[in-house]
Peer 1: 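Sharing a structure with you now.
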Amino acid sequence: MQNLRVRFAPSPTGALHIGGVRTALYNYLLAKKMGGTFILRIEDTDQARYVPGAEDYIIEALRWFGIMPEEGPGIGGDYGPYRQSERKSMYGKYAQQLLDAGRAYYAFDSAEELQAQRSAFEARKEVFKYDNNTRSSMNNSLTLSADEVKSRIERGDDYTVRLKIPKDETLRINDLVRGEVNFQSNELDDKIILKSDGMPTYHLANIVDDHYMKISHVIRGEEWLPSTAHHVYLYRFLEWEDTMPEFAHLPLILKPTGKGKLGKRDGNKFGIPVFPLSWKGETEEDSFTGFREFGFDPKAVLNFLAFLGWNPGTEQEVFTLDELIKAFSVEKIGKSGARFDFDKAKWFNQQYIIASSNEDLAEVVRPLVKEKGYEVSDEFLVAFCGLMKERVNFYTDFVETGYYFFEPIREYDAKMVRKKWKTEKRPVFETMREDLLNLDDYSGLAVETCIKSFMEKHELGFGAVLPILRLGVSGTMKGPSVFDMMSLLGKEEVNARLAKAYDAFDGAQAT
RNA sequence: GCUCUGUUCGUAUAACGGUUAGUACGCCUGACUUUCUAUCAGGAAAUAGGGGUUCGAUUCCCCUACAGAGUACCA
């Protein structure tokens with residue numbers, strides 16, 4: 001085989017969906033594994049659906065994941081331009097070639113006429129298809145005289161170019177994921193390949209570009225499987241069939257619950273991200289929180305995505321990108337739709353956080369801390385990450401569930417306070433506070449020793465003392481080791497918190 | 001409707017035609033622990049249904065059911 005070249009070819013119609021990211025990932029993995037080239041091509045042939053910023057979003061997302069293409073718009077490469085709108089002049093030529101070869105024809109039917117046909121068929125409970133059956137009754141260069149066609153074109157009438165699908169043929173397609181897939185040509189419609197605005201449709205542009213960009217493998221979503229037959233015909237009629245790429249159609253990603261494939265709105269509906277990065281659309285419904293902003297690590301998301309429709313056949317689940325590249329193979333891609341399981345995504349993220357060093361975590365958490373307006377030393381932050389990393393799922397949890405490391409306690413767990421605090425015991429706890437204040441060494445171990453001797457002196461058990469300390473210092477029963485927490489907060493801070501807490505506890509007890 | 005694709009615990013999936021049908025997430029129980037986690041040890045939980053082929057089908061074939069996708073001058 002010659003050089004392996006794959007492309008990710010999204011349409012800039014909005015934020016890049018997580019399913020698109022998975023497609024990009026699989027393309028990337030295959031390219032890297034085989035020493036091939038990963039290419040980004042922007043399919044912007046539909047001006048009406050073009051959304052400004054979408055292209056930047058796509059590139060930013062790929063960069064965040066660390067799966068950057070080697071060729072693409074703004075990146076360079078020998079097969080550019082990489083935006084279809086900039087390749088417009090190429091496509092007309094091939095439409096003409098197809099026309100000349102009798103493999104395509106002009107169609108003059110207006111949108112209204114087509115609509116009328118559809119309605120008429122619908123009334124008979126049939127579905128209109130522009131195909132070898134119906135094209136003889138439509139206005140096209142097959143039914144009109146040559147002169148008529150010529151004059152219509154010269155007159156400037158709108159026309160499209162349609163692919164003339166042959167009659168009575170069986171088309172056999174080999175798909176790397178699904179094996180042999182057969183199509184009857186009579187079931188295929190005469191797809192428009194050149195629109196009346198002169199732009200090609202996806203089908204033509206895709207084939208021409210893949211050919212010129214020397215794409216060897218087309219890895220894309222299953223929604224393209226039905227139109228692959230048209231694509232094969234295009235290759236055949238353009239006489240490029242001998243260099244036609246291999247096809248691999250990926251299973252769909254399904255909604256977390258219920259029916260259907262994962263959609264844009266599912267994110268807001270289930271309160272989970274379905275886009276890599278946050279996106280601000282025109283409206284509330286068109287705005288989404290991304291995995292990044294949700295507090296995910298890009299490596300964890302990639303790992304999760306890799307397993308949505310693929311598995312290595314071993315029992316290993318946590319993979320670095322390099323390991324994924326080594327393990328990846330098209331043969332291991334699954335056939336059936338994979339449901340998006342947020343719990344699993346969460347678990348992957350947690351695995352990555354736990355495996356990260358405290359220093360690396362601090363690096364990621366620092367901007368979040370700054371954003372909240374907190375000012376802390378690097379040393380503090382690193383220690384803080386060490387204390388918290390085993391009890392968070394997302395990066396955002398650090399500053400949210402661990403907020404009390406940076407600002408005063410917002411609220412005490414009232415139920416626990418009522419259960420554990422006795423106002424009569426306050427004098428005893430005041431002596432504990434003093435004992436703590438007299439400590440010179442405020443390491444976790446020293447604090448622990450101090451508390452233990454305090455308990456011994458007053459014949460108190462862990463259950464009577466530790467909850468009070470924990471509540472006083474963090475307000476909640478959830479969190480890291482009390483002693484370590486106190487050590488990190490420091491003597492003065494702990495003392496102040498305890499004094500304040502005792503008052504609050506008394507208040508809570510009184511009500 | 002038609003075409004294409006698919007169907008193993010709730011979810012993701014593993015299993016040369018021969019296994020007590022494995023693993024992970026989630027769930028339940030226990031251990032550890034001052035709490036929450038994490039960790040460890042257990043547990044419940046699946047081959048859609050029906051026909052074949054075969055000594056033997058999760059695995060191969062057919063039918064049914066269900067699900068998904070496509071059926072645009074969108075990609």
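Each chain gets a letter, A, B and so on, in the order the sequences are listed, and its residues count up from 1. Note that this is a predicted model, so its numbers are computed, not measured.
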Peer 1: May I ask you to decide whether A/Asp209 forms a salt bridge with A/Arg41, counting only side-chain N to carboxylate O separations under 4.0 Å?
Peer 2: yes
Peer 1: Under 4.0 angstrom, heavy atoms only, what part of the nucleic acid is A/Lys125 near: base, sugar-phosphate, or nothing?
Peer 2: nothing
Peer 1: Does the distance from a Lys or Arg side-chain N to an Asp or Glu carboxylate O, for A/Arg339 and A/Asp341, drop under 4.0 Å?
Peer 2: no
Peer 1: Flag the pair A/Arg172 and A/Glu180 as a salt bridge only when some basic side-chain nitrogen lies within less than 4.0 angstrom of an acidic carboxylate oxygen.
Peer 2: yes
Peer 1: Measuring from the side chain of A/Ser196 (C-beta onward, heavy atoms only), which nucleotide among B/C73, B/C2, B/C36 has the closest atom?
Peer 2: B/C73
Peer 1: Side chain of A/Trp347 only, please: which of B/G1, B/U3, B/C25 is the nearest?
Peer 2: B/C25
Peer 1: Which one of A/Asp109, A/Asp189, A/Thr160 satisfies the side chain to side chain donor-acceptor pair (under 3.5 Å) criterion with A/Tyr130?
Peer 2: A/Asp109
Peer 1: Among A/Phe304, A/Phe328, A/Tyr26, exactly one meets ring-ring contact (aromatic ring centres under 6.0 Å, His included) together with A/Trp310. Which residue is that?
Peer 2: A/Phe328
Peer 1: What's the gap between B/A67 and B/G26 when it is taken at their C1' atoms, as a whole Å value?
Peer 2: 23 Å
Peer 1: Scan every strand shown for a Watson-Crick or G-U wobble partner of B/U35, both distances under 3.5 Å, and answer none if you come up empty.
Peer 2: none
Peer 1: Taking the P atom of each, how far is B/U13 from B/A48, in whole Å?
Peer 2: 15 Å
Peer 1: Using a strict threshold of under 4.0 Å (side-chain N to carboxylate O), is an ion pair present between A/Lys452 and A/Glu448?
Peer 2: yes
Peer 1: Pick base, sugar-phosphate or nothing for A/Gly313, based on heavy-atom distances below 4.0 Å to the nucleic acid.
Peer 2: nothing
Peer 1: Do NZ/NE/NH1/NH2 and the carboxylate oxygens of A/Arg83 and A/Glu43 come within less than 4.0 Å?
Peer 2: no
Peer 1: Would you indicate what A/Gly309 reaches in the nucleic acid, counting non-hydrogen atoms under 4.0 angstrom: base, sugar-phosphate, or nothing?
Peer 2: sugar-phosphate
Peer 1: Could A/Lys195 and A/Asp197 be called an ion pair, given the rule that one side-chain N must be under 4.0 Å from one carboxylate O?
Peer 2: no
Peer 1: Give one of base, sugar-phosphate or nothing for A/Arg118, where a contact means two heavy atoms less than 4.0 Å apart.
Peer 2: sugar-phosphate
Peer 1: For B/U58, which nucleotide is its Watson-Crick or G-U wobble mate, given both distances must be under 3.5 Å?
Peer 2: none
Peer 1: Need the pair for B/C27. Rule: Watson-Crick or G-U wobble, both distances under 3.5 Å, any strand; none if unpaired.
Peer 2: B/G43
Peer 1: Over all strands shown, is A/Thr160 touching base, sugar-phosphate only, or nothing at heavy-atom distances under 4.0 angstrom?
Peer 2: base
Peer 1: What does A/Asp413 touch in the nucleic acid at a heavy-atom separation under 4.0 angstrom: a base, only the sugar-phosphate, or nothing?
Peer 2: nothing
Peer 1: Using atom CZ of A/Arg124 as one end and atom C1' of B/C2 as the other, report the distance to the nearest whole Å.
Peer 2: 15 Å
Peer 1: Identify which nucleotide among B/U3, B/U7, B/C73 has an atom closest to any side-chain atom of A/Ser336, counting heavy atoms from C-beta outward.
Peer 2: B/U7
Peer 1: Indicate, with a heavy-atom threshold strictly under 4.0 Å, whether A/Asn206 touches base, sugar-phosphate, or nothing.
Peer 2: nothing
Peer 1: Touch check for A/Phe348, heavy atoms < 4.0 angstrom, all strands: base, sugar-phosphate only, or nothing?
Peer 2: nothing
Peer 1: Atom CZ of A/Arg391 to atom C1' of B/C36: distance rounded to whole Å?
Peer 2: 7 Å
Peer 1: What's the gap between B/A24 and B/G49 when it is taken at their P atoms, as a whole Å value?
Peer 2: 26 Å
Peer 1: Regarding A/Phe307, tell me which of base, sugar-phosphate or nothing describes its non-hydrogen contacts under 4.0 Å with the strands shown.
Peer 2: sugar-phosphate
Peer 1: Roughly how many Å is it from NZ in A/Lys88 to P in B/C73, rounded to a whole number?
Peer 2: 18 Å
Peer 1: From C-beta outward on A/Glu222, which listed nucleotide comes closest to its side chain: B/C25, B/U5, B/C74?
Peer 2: B/U5
Peer 1: With sugar-phosphate meaning primed atoms plus P, OP1 and OP2, does A/Thr45 contact a base, only sugar-phosphate, or nothing at under 4.0 Å between heavy atoms?
Peer 2: sugar-phosphate
Peer 1: Across all strands shown, which nucleotide pairs with B/U7 by Watson-Crick or G-U wobble geometry, both distances under 3.5 Å?
Peer 2: B/A65
Peer 1: Between B/A69 and B/G52, how far apart are the C1' atoms? Round to whole Å, please.
Peer 2: 30 Å
Peer 1: Looking at B/U5, B/C25, B/A75, which one has an atom nearest to any side-chain atom of A/Arg178?
Peer 2: B/U5
Peer 1: Select one nucleotide: of B/C36, B/U71, B/C73, the one nearest the side-chain heavy atoms of A/Lys478.
Peer 2: B/C36
Peer 1: Under 4.0 Å between any heavy atoms, over every strand shown, what does A/Glu126 touch: base, sugar-phosphate, or nothing? Just pick one.
Peer 2: nothing
Peer 1: Regarding A/Lys344 and A/Glu317, does a basic nitrogen lie under 4.0 Å from an acidic carboxylate oxygen?
Peer 2: yes
Peer 1: Need one value for A/Pro480: base, sugar-phosphate or nothing, where a base atom within 4.0 Å counts as base even if backbone is also close, heavy atoms only.
Peer 2: base
Peer 1: Side chain of A/Arg470 only, heavy atoms from C-beta on: which candidate in B/A24, B/U34, B/A75 is closest?
Peer 2: B/U34
Peer 1: Taking the side chain of A/Leu225 as its heavy atoms from C-beta onward, which of B/U5, B/G10, B/C73 lies nearest to it?
Peer 2: B/U5
Peer 1: Say you pick atom C1' in B/U53 and the same atom in B/C62; how far apart are they, in whole Å?
Peer 2: 11 Å
Peer 1: Rounding to the closest angstrom, what is the interatomic distance between B/U3 and B/U64 at atom P?
Peer 2: 12 Å
Peer 1: Is there a Watson-Crick or G-U wobble partner for B/U13 with both distances under 3.5 Å, and if so, which one is it?
Peer 2: B/G22
Peer 1: Out of B/A24, B/A75, B/U35, which has the shortest distance to the side chain of A/Met477?
Peer 2: B/U35
Peer 1: Whole Å only: how far is the NZ atom of A/Lys191 from the P atom of B/U3?
Peer 2: 16 Å
Peer 1: What's the NE2-C1' distance between A/His17 and B/A75, to the nearest Å?
Peer 2: 14 Å
Peer 1: Taking for each residue the nucleotide of RNA chain B with the nearest heavy atom, is it A/Lys129 or A/Gln350 whose nucleotide lies nearer the 5' end?
Peer 2: A/Gln350
Peer 1: Considering heavy-atom distances to RNA chain B, does A/Arg339 or A/Glu223 have its closest nucleotide positioned more toward the 5' end?
Peer 2: A/Arg339
Peer 1: Taking atom P of B/A14 as reference, at what distance in whole Å does atom CD of A/Glu317 sit?
Peer 2: 12 Å
Peer 1: Does the side chain of A/Lys195 get closer than 4.0 angstrom to OP1 or OP2 of B/C74 through an N or O atom?
Peer 2: yes
Peer 1: When rounded to the nearest Å, what value does the distance between P atoms of B/U35 and B/G30 take?
Peer 2: 14 Å
Peer 1: Which value, in whole Å, describes the distance between the C1' atoms of nucleotides B/G50 and B/A14?
Peer 2: 27 Å
Peer 1: Between B/G10, B/A24, B/C4, spot the one nearest the side chain of A/Val181, thanks.
Peer 2: B/C4
Peer 1: Separation of A/Leu250 atom CG from B/U5 atom C1', in whole Å?
Peer 2: 13 Å
Peer 1: When you check the gap from the basic side-chain N to the acidic O, do A/Asp190 and A/Arg135 get nearer than 4.0 Å?
Peer 2: yes
Peer 1: With both distances kept under 3.5 Å, what pairs with B/U71, Watson-Crick or G-U wobble?
Peer 2: B/G1
Peer 1: How many whole angstroms separate atom CZ of A/Phe247 from atom P of B/C4?
Peer 2: 18 Å
